[in-house]
Novice: 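Please find one structure pasted underneath; my questions will follow.
As a basis for the values below, the full set of heavy atoms in this structure was taken, side chains included, without hydrogen atoms, waters or symmetry mates.
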Amino acid sequence: MITIDIDKETCIKCGKCVKVCPAYILTQEDPETEIGLRNIQTCIACGHCVAVCPTDSVIHSEFPEQKIHPLNRDILPTSEQVMELCKARRSNRAFLSSSVPEEYLRQIVEAAHLAPTASNGQEVSFTLVTNPDLLKQIAEITINTFETAVKKITNPFVNPFINLIVPGAKEAVPTLSAVIAKHRSGTDAILRGAKAVLLIHTPASSNFGRQDANLAYQNASLMAESLGVSQFYIGYVCIAIDLDKKRKLAKLLNIEGTIHAGMALSMPAFKFPKYINRKELNLTVFKS
């Protein structure tokens with residue numbers, strides 16, 4: 001059971017903890033009056049109150065002293081540096097034959113783990129695959145799933161009704177067929193020879209699993225870019241996962257929940273010296 005207390009001797013009654021609590025557990029009737037507590041059982045253990053307190057006066061059972069760390073904002077990147085990183089990030093599929101250093105992989109997974117989750121559920125788990133045989137099996141399962149899907153879609157008895165059952169299924173056949181042909185010709189059309197795959201998954205019961213997983217992916221992607229590791233979203237694998245009701249990939253890797261996102265990782269054969277503009281920004285603003 002979660003317990004929360006306020007050290008009244010050190011609390012300066014600034015009210016910051018009250019303002020950041022998403023569950024409205026901390027209270028303050030008037031500015032500079034004592035901090036109160038209510039409905040502690042509704043706490044989601046986000047840690048906002050502990051992290052914002054300037055005098056360490058919030059005593060939270062989920063966050064003992066060893067879990068609280070000072071943040072050095074002096075070493076945080078500037079907005080210009082973050083923007084440059086976003087501009088530099090590309091889905092580079094030209095890889096070296098060398099492996100990604102384990103330390104880099106650890107940092108990428110740690111960054112993904114730090115991503116926010118709905119209601120602070122923190123139900124996101126990760127599976128990192130560097131075994132070459134397993135990487136080949138991931139690609140093969142994906143291609144086999146596509147072949148099965150194409151056969152179903154093009155079946156003369158099913159084809160007339162397929163778009164009613166799965167909208168857009170007929171339109172997907174040329175793309176899937178091209179990927180299958182490319183892969184069967186000996187070219188890795190799924191992982192492009194990547195040396196690692198990171199799969200992001202949550203329990204099947206998670207209400208916001210896909211959203212949480214893709215938030216984690218973004219953290220991992222930017223960390224990879226900062227480390228000079230090439231990565232791309234393994235969309236074909238994710239499509240195959242959604243199509244395969246037998247959960248072959250999940251069973252292969254002993255994943256109990258649902259895989260929502262994944263990335264291929266390798267060291268780049270080269271780096272891009274330029275960035276190019278995207279399409280024009282499409283933004284609608286409603287001003288007050």
Side-chain angles (χ1 to χ4, degrees), residues 85-115 124-147 176 178-202 213-242 244 247-273 275:
L85 181 65
C86 291
K87 290 174 180 177
R89 189 247 178 264
R90 301 196 69 80
S91 297
N92 185 1
R93 294 171 172 82
F95 302 140
L96 294 174
S97 59
S98 56
S99 301
V100 181
E102 288 189 18
E103 175 63 14
Y104 287 2
L105 292 172
R106 185 194 63 77
Q107 290 183 70
I108 290 166
V109 175
E110 185 177 350
H113 177 62
L114 289 171
V124 181
S125 297
F126 306 91
T127 296
L128 181 64
V129 181
T130 58
N131 181 289
D133 290 334
L134 286 177
L135 292 172
K136 288 179 182 177
Q137 289 184 65
I138 290 172
E140 190 64 21
I141 287 172
T142 300
I143 290 297
N144 289 341
T145 302
F146 286 173
E147 288 175 332
L176 295 181
V179 172
I180 293 167
K182 191 76 172 176
H183 197 82
R184 292 305 184 204
S185 70
T187 300
D188 182 0
I190 303 301
L191 300 180
R192 304 298 185 97
K195 298 300 180 183
V197 161
L198 178 64
L199 296 169
I200 308 173
H201 43 94
T202 65
N214 281 293
L215 285 170
Y217 179 94
Q218 285 298 338
N219 268 27
S221 177
L222 291 176
M223 176 56 78
E225 190 67 44
S226 74
L227 291 167
V229 178
S230 287
Q231 78 288 314
F232 65 89
Y233 195 99
I234 49 176
Y236 285 142
V237 177
C238 292
I239 290 170
I241 288 167
D242 288 342
D244 182 19
R247 303 180 71 251
K248 295 186 188 72
L249 182 56
K251 290 177 180 178
L252 172 69
L253 301 173
N254 296 316
I255 295 173
E256 293 293 336
T258 304
I259 304 168
H260 297 290
M263 64 164 55
L265 296 146
S266 258
M267 299 309 295
F270 47 77
K271 295 184 179 180
F272 292 82
Y275 76 90

Novice: Any side-chain heavy atom of V197 within less than 4.5 Å of one from M263?
Specialist: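 Not in contact.
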Novice: Between M267 and Y104, is the side chain to side chain contact (heavy atoms under 4.5 Å, CB included) condition met? List the steps.
Specialist: CA-CA 10 Å; M267 299 309 295; Y104 287 2; 4.3 Å; yes
Novice: Tell me the closest heavy-atom pair linking S221 and R89, and the distance in Å.
Specialist: OG-NE, 2.7 Å
Novice: Rounded to the nearest 0.5 Å, how far apart are CG of L176 and OH of Y236?
Specialist: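 OH of Y236 is found 7.5 Å from CG of L176.
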Novice: Closest approach of S230 and N92, non-hydrogen atoms and distance?
Specialist: OG-ND2, 3.2 Å
Novice: Between E225 and A88, which heavy-atom pair has the shortest distance, and what is it?
Specialist: OE2-O, 3.5 Å
Novice: List the atom of V100, the atom of S266, and the distance in Å for their closest heavy-atom pair.
Specialist: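 Smallest heavy-atom distance, with atoms named: CG2-CA, 3.5 Å.
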Novice: Quick one: CG on N144 to NZ on K248, what's the gap to the nearest 0.5 Å?
Specialist: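 Answer rounded to 0.5 Å: 7.5 Å.
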Novice: Mind checking the OG1-CD1 spacing from T145 to I241? Nearest 0.5 Å is all I need.
Specialist: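 With rounding to 0.5 Å, OG1 (T145) is 9.0 Å from CD1 (I241).
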Novice: Just distance, no hydrogens or angles: give the donor-acceptor pairs under 3.5 Å from side chains in residues 253-261, sequence neighbours left out.
Specialist:
| from | atom 1 | to | atom 2 | distance (Å) |
| --- | --- | --- | --- | --- |
| H260 | NE2 | T202 | OG1 | 3.0 |

Novice: Is there a side-chain contact between E102 and R106 in this structure, where contact means two heavy atoms from C-beta onward sitting under 4.5 Å apart?
Specialist: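 In short, these two side chains do not touch, never coming nearer than 4.5 Å.
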Novice: Taking the side chain as everything from C-beta on, heavy atoms only, tell me whether I190 gets closer than 4.5 Å to I234.
Specialist: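 SC-SC contact between I190 and I234 ruled out.
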Novice: Taking only residues two or more places apart in sequence, or in another chain, which ones meet D188 in a salt bridge (Lys or Arg N to Asp or Glu O under 4.0 Å)?
Specialist: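 With sequence neighbours excluded, D188 shows a salt bridge (Lys or Arg N to Asp or Glu O under 4.0 Å) to no residue whatsoever.
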Novice: To check you understand the geometry: which heavy-atom pair defines the closest contact between L105 and T130, and what is its length?
Specialist: CD1-CG2, 4.0 Å
Novice: Taking the side chain as every heavy atom from C-beta outward, state whether D244 and L249 have any pair of such atoms under 4.5 Å apart.
Specialist: no
Novice: Measure the CD1-CG distance between I108 and L222 for me, rounded to the nearest 0.5 Å.
Specialist: 11.0 Å
Novice: If only atom types and distance count, is the side chain of T142 paired as donor or acceptor with the main-chain N or O of V237 below 3.5 Å?
Specialist: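 Pair absent, no side-chain N/O of T142 close to backbone of V237.
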Novice: Run the numbers on V179 and K182 for side chain to side chain contact (heavy atoms under 4.5 Å, CB included), then give the verdict.
Specialist: CA-CA 5 Å; V179 172; K182 191 76 172 176; 5.8 Å; no
Novice: If you draw a 6.0 Å radius around OH in Y275, do more than 12 non-hydrogen atoms from other residues or ligands fall strictly inside?
Specialist: no
Novice: To the nearest 0.5 Å, how far apart are CZ in R184 and CD1 in I143?
Specialist: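 The CD1 atom of I143 is 6.0 Å from CZ of R184, to the nearest 0.5 Å.
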Novice: Please state whether the rings of F95 and F232 are parallel, tilted or perpendicular, taking 30° and 60° as the class boundaries.
Specialist: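 Because their plane-to-plane angle is under 30°, the rings of F95 and F232 count as parallel.
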Novice: Output the distance between atom CG (L252) and atom CZ (R247), rounded to the nearest 0.5 Å.
Specialist: 12.0 Å
Novice: How about OH on Y217, more than 12 heavy atoms from neighbouring residues, nucleotides or ligands closer than 6.0 Å, or not?
Specialist: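 Yes, because the 6.0 Å sphere around OH of Y217 holds more than 12 heavy atoms from other groups.
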Novice: Before accepting this row, confirm whether a basic side-chain N of the pair E140/K136 lies closer than 4.0 Å to the acidic partner's carboxylate O.
Specialist: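 Between K136 and E140 there is no salt bridge, as every charged N stays at least 4.0 Å from the carboxylate O atoms.
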Novice: Specify the closest pair of heavy atoms between A216 and A115, including all atoms of both residues, with the distance to one decimal.
Specialist: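 Closest approach of A216 to A115, heavy atoms only: CA-CB, 3.6 Å.
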